[in-house]
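Presented below is the structure to which this report refers.
Proteins get letters first, then strands, A, B, ... in listed order; numbering begins at 1 in each.
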Amino acid sequence: MIKEPSLDTLLKDSDKAFESLYCAYKDDFLAFAKTFSLKDEDITDIYQEAFLSFYENLLNGKIKEFTSSIKTYVFSIGKFKIYEYLRTNSKLKVIDTPINAEITIDDLSLDNEVLTEREQLVKTKFKKLGKQCQLILELFYFKGKTLKDIKDIENYDNTHVVKSQKSRCLRKLKQLVNA
Amino acid sequence: MKHEELIALYFEDQLNVQQKLEFENLLRMDTTFKAQFELEQQVKTAIISAKKDVLKARLQQLEQPKKSYTFYLTRIAASIIIALGVFGIWQQNTPLDNNQLFTEYFEPYTNIIVPSERGKATDDDKTEAFRYYDTKNYTLASEKFEDLYKATSTSYYLFYQAICELQLENPSKAILLLETHQKYSDKVSEHRNWYLALAYLKANSIEQSKALLQQIISKKTYKYKAAKDILKKID
């Protein structure tokens, strides 16, 4: 097994870290998933979805620390998705047993993402904000930084300036969404 | 405590017991507070979704098969068919609907060539072009990409220039650029067909758009699920 990155590294340098994890575990996952008689292309889709779900749960703060290896997380989520696929396609009545009793994925968000019309609109308009607004909102909502953290990271004079800037950005986004 | 601060504390996961009660009460009783909170939750969801899109594109890129000679022949054949389509069957649909559909699905592709680094000032033409692109200065970015393609023949400049032209409401020019890009294979080839399909849609070349969307779906390439959605809507 490869030396796995820390949670911080995964969040800071997600692209590279995920690429190497993705490549490192793919063959093992293929072998594991083939025991369920799935086609290669379906396995690849499920494998990607497992990584994206894992990433989403890191981003929304549902995974705050690792209680097992990343490989176990990805395989547990992958197995959940395989069972979901099999149930949907009525191929098998399955009784799930955990890959590793030390972790539970019951609290994670594992459904495939479907944005509401409004969320889709917010997403589109968010990309139309200026870079600085995007950065502040990302730091706050996505990286879970406090206003004080953002003041330190971005060298603002005080947290009031950050607060006003964040409010301005939200107001701007609201205007774009409601336009 | 101001409502804004209360919501901020919620997202910082720092509400104490009393603030939590106040927060829940406001959520039930105060529609303005509720609307503001919902907007901020939507922002969080939207940001996470955008981040996932970037990772998804990366993972899909890792799955791309090595390009073979047959692949290039297929590409050339596809280009000819599409080119014939462009001149032969220029089917008109309702312009407003197609443009609305385009707006719904179109998002400029991420700059994966020269990702901007905060605080790092590099002034070569390539960095400058992508800086314009990242800051949504599409007119200047388009001009720069055009010059860079002329000077270097590096194919991805065609792709990014086409995205600029789509932003600038010039679908015909975007189509020409993306069709030229079809003869190349580079790190954005995988994504080109999606944008070409959207450009056809914007230019009301419905048959060309459909053909390309079907190709994207059958090969399960970039945005194939969105391609399915569009196809359902225009069929």
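For B:Lys56, the parts lying under 4.5 angstrom from a heavy atom of chain A are both the backbone and the side chain. Contacts between B:Tyr224 and chain A at a heavy-atom distance below 4.5 Å involve the side chain alone, from C-beta outward. Looking at A:Leu129, only its backbone comes within 4.5 Å of chain B, counting heavy atoms on both sides. Within the 4.5 angstrom heavy-atom criterion, no atom of A:Tyr47 approaches chain B. With a 4.5 angstrom heavy-atom cutoff, A:Asp45 touches chain B only via side-chain atoms. For a residue to count as touching a neighbouring chain, one of its non-hydrogen atoms must lie under 4.5 Å from one of that chain's; by this rule A:Lys163 touches chain B with backbone and side chain alike. Of the atoms belonging to A:Leu173, it is side-chain heavy atoms, and not backbone ones, that fall under 4.5 Å from chain B.
With salt bridges taken as basic N to acidic carboxylate O contacts below 4.0 Å, none links A:Lys145 and A:Glu154.
For chain B, the option among A:Thr44, A:Thr124, A:Thr146 with the highest count of heavy-atom pairs below 4.5 Å is A:Thr146. In terms of heavy-atom pairs under 4.5 Å with chain A, the best-connected choice from B:Thr135, B:Leu59, B:Asp13 is B:Leu59. Across B:Gln60, B:Glu104, B:Glu40, the residue that shares the most heavy-atom pairs under 4.5 angstrom with chain A is B:Glu40. Listed options B:Glu38, B:Glu4, B:Lys51 were ranked by heavy-atom pairs under 4.5 angstrom with chain A; first place goes to B:Lys51. When the candidates A:Phe18, A:Phe126, A:Tyr55, A:Phe51 are compared by the number of heavy-atom contacts under 4.5 Å with chain B, A:Tyr55 comes out ahead.
Remark: aromatic rings of B:Phe159 and B:Phe145 are distant, center separation not under 6.0 Å.
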Exercise. Go through the steps to decide whether B:Phe106 and B:Phe102 satisfy the test ring-ring contact (aromatic ring centres under 6.0 Å, His included), and finish with yes or no.
Key: CA-CA 6 Å; B:Phe106 173 75; B:Phe102 168 88; 4.9 Å; yes

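Of the N and O atoms on the side chains of B:Asn98 and B:Lys202, not one donor lies less than 3.5 Å from an acceptor on the other residue.
In this structure, B:Tyr195 and B:Tyr109 have perpendicular ring planes: the angle between them is above 60°, well past the 30° mark.
The side-chain contact (heavy atoms from CB on, under 4.5 Å) with B:Leu148 is formed by just one residue from the set B:Phe130, B:Tyr157, B:Tyr160; it is B:Tyr157.
Using modelled atom types, no side-chain atom of B:Ser49 and backbone atom of B:Thr45 make a donor-acceptor pair closer than 3.5 Å.
Here the CD1 atom belonging to A:Ile43 is positioned 10.0 Å from the CD atom belonging to A:Glu41, to the nearest 0.5 angstrom.
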